[in-house]
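Accompanying notes for the structure given below.
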Amino acid sequence: MNVLVTGGTGTLGREVVRAVNAAGHRAVVMSRKPAPDAAAAPRWATAHIVTGEGLAAAVADMDVIIHAASDPRGDPAADEEGTHRLAVAARAARVRHLIFVSIVGIDRIPLPYYVRKLAAERALADSGQPYSILRATQFHGFVSVLLGRAASYMPLVMPLPAGYSVQSVGLEDVADRLLRAVDDGPGGLLPDYGGPERMTVRQAARLWQEARAIRKPMVPFFSFGATSRAFRGGHNTLPADTPPENRGRLSWSEWLARTTAARP
Ligand SMILES: NC(=O)c1ccc[n+]([C@@H]2O[C@H](COP(=O)([O-])OP(=O)(O)OC[C@H]3O[C@@H](n4cnc5c(N)ncnc54)[C@H](OP(=O)(O)O)[C@@H]3O)[C@@H](O)[C@H]2O)c1
């Protein structure tokens, strides 16, 4: 199948492109940038989901689109408006299936970015384009970045939000789950998908410190508001009875060992 991967240059998108090709499909990377070289050009589409530039050409002849483009810190229109535009273009081109990568808990946690992801999900569902939505928990690498920020925030201690949990997931596992969705066809809102184990942020931070040879006392802090309450309620994680097919295999400890070994 021809599979267009929007955000194919991004953290998840690169892994998805690899997995799609390894499964015998033909992945085409969609990016706002031009192809890096002539060798990449046949499997590259330059398009912008907000302005719509290049979009009709990018989606033409595609069987499936895996939509992993997003701009959390940049253009706020990238999610809702961008997803709407992409869905309209896909429908016009008779693309069989558009799979949108979303985030576990966006309907319960009122972070501004999550509110935009939820609006994007609704725009897709209302578009008439056959679709699936896969909500994933935080990626291991993203949790590691957040812990790195927490560790460098204050000189002597590492502040951590009290009562928060994480259930981070490996990129290959999410990519494999997306491939399953390609095979299954349009399924609407799919069951939430996440990492193999749920941990308190403190447990995750302790393992992170050990792996990175950092020793800093962890100090819990309490925050107020609906977003913090929702995180303390565990809405960014999976229910305990989630079946194995909706959990990735790569644990936080394994990911830490792998990435620590890879560091210079
Ligand atoms: N990070 C997490 O922990 C996490 C967890 C669950 C779900 N997700 C979701 O997974 C998806 C992928 O996340 P990620 O961390 O891999 O993102 P990322 O590394 O930031 O990559 C996003 C990609 O989107 C593309 N993009 C941005 N604006 C665009 C536009 N206007 N038109 C076309 N392409 C555009 C960029 O490509 P170019 O710069 O090449 O144009 C970029 O490579 C997102 O939808 C995110 O919400 C993330």
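In each ligand, atom 1 is the first atom listed, and ligand 1 is the first ligand listed. Residue numbers count from 1 along this sequence.
The N/O atoms of L12, backbone and side chain alike, include one that comes under 3.5 Å of an N/O atom in ligand 1. Inclusion of T9 in the set of residues having an N or O under 3.5 Å from an N or O of ligand 1 is warranted. Ligand 1 has a nitrogen or oxygen under 3.5 angstrom from a nitrogen or oxygen of S31.
Distance CG/L250 to CZ/F139: 13.0 Å, rounded to 0.5 Å. Here E53 contributes atom CD and T51 contributes atom OG1; the two are 4.5 Å apart, rounded to the nearest 0.5 Å. To the nearest 0.5 Å, atom CE of residue M218 and atom CZ of residue R206 are 5.0 Å apart. Going from atom OH of Y113 over to atom OG of S70 covers 2.5 Å, rounded to the nearest 0.5 Å. In this structure, CD1 in I65 is found 4.5 Å from CG in L98, a value given to the nearest 0.5 Å.
Under a 4.0 Å criterion applied to the non-hydrogen atoms of I49, ligand 1 contributes the atoms 30 (C), 31 (N), 32 (N), 33 (C). Close approach to G10 involves these atoms of ligand 1, each under 4.0 Å from a residue heavy atom: 19 (O), 21 (O), 43 (O). Atom numbering of ligand 1 starts at 1 in the shown order; those under 4.0 Å from a heavy atom of A69 are 24 (O), 25 (C), 26 (N), 34 (N), 35 (C). Within ligand 1, counting atoms from 1 as listed, the ones closer than 4.0 Å to a heavy atom of K117 are 44 (C), 45 (O), 46 (C), 47 (O). Within the listing of ligand 1, atoms 9 (C), 10 (O), 45 (O) sit less than 4.0 angstrom from a heavy atom of V101. Counting the atoms of ligand 1 from 1 in the order shown, those under 4.0 Å from a heavy atom of F142 are 3 (O). Listed by atom number, the atoms of ligand 1 under 4.0 Å from H48 heavy atoms are 31 (N), 32 (N). Proximity to K33 (heavy-atom distance under 4.0 Å) selects the following atoms of ligand 1: 38 (P), 39 (O), 40 (O).
Not a single heavy atom of G141 sits less than 4.0 Å from an atom of ligand 1. In this structure, A68 counts as a contact residue of ligand 1, since one of its heavy atoms falls inside 4.0 Å of the ligand. Under a 4.0 angstrom heavy-atom cut-off, Y113 registers as being in contact with ligand 1. The shell of residues lying under 4.0 angstrom from ligand 1, judged by heavy atoms, excludes V143. At a 4.0 Å cut-off, at least one heavy atom of A47 sits close enough to ligand 1 to count as contact. Taking a 4.0 Å cut-off on heavy atoms, D75 fails to register as neighbouring ligand 1.
Closest heavy-atom approach to atom 29 (C) of ligand 1 among the candidates R85, R32, R116, H140: R32.
Atom 23 (C) of ligand 1 has as its closest protein heavy atom G7 CA, 3.6 Å. In this structure, the protein non-hydrogen atom closest to atom 20 (O) of ligand 1 is S70 O, 4.5 Å.
In this structure a side-chain-to-backbone donor-acceptor pair under 3.5 Å is present from T242 to P239. Between the D192 side chain and the A136 main chain, no donor and acceptor come within less than 3.5 Å of each other.
The list of ring-ring contact (aromatic ring centres under 6.0 Å, His included) pairs with a residue in residues 17-61, not counting sequence neighbours, is empty. Annotation: salt bridge (charged side-chain N to carboxylate O under 4.0 Å, His left out) contacts involving residues 94-118, sequence neighbours excluded, comprise D63-R96, D79-K117, D107-R135.
Judged by distance alone, the side chains of R32 and T46 never bring a donor and an acceptor atom under 3.5 Å apart. No side-chain donor from either of Q167 and T137 sits under 3.5 Å from a side-chain acceptor of the other. Side-chain contact check for H97 and S132: at least one donor-acceptor pair (N or O, by modelled atom type) lies under 3.5 Å.
Contacts between H67 and ligand 1, counted as non-hydrogen atom pairs separated by less than 4.0 Å, are absent for every part of the residue. Only the backbone of S102 comes within 4.0 Å of ligand 1, judged by heavy-atom distances. Residue contacts with ligand 1 for F139 involve both N, CA, C or O and side-chain atoms from C-beta outward (heavy atoms, distance under 4.0 Å). Only the backbone of T137 comes within 4.0 Å of ligand 1, judged by heavy-atom distances.
Of all heavy-atom pairs between P42 and A39, the closest is CD-O, 3.3 Å. Of all non-hydrogen atoms in L12 and A68, the two that sit nearest each other are CD2-CB, 4.5 Å. Listed here is the closest heavy atom pair of V20 and R26: CG1-C, 4.4 Å.
For atom 17 (O) of ligand 1, no protein non-hydrogen atom is found at a distance below 4.0 Å.
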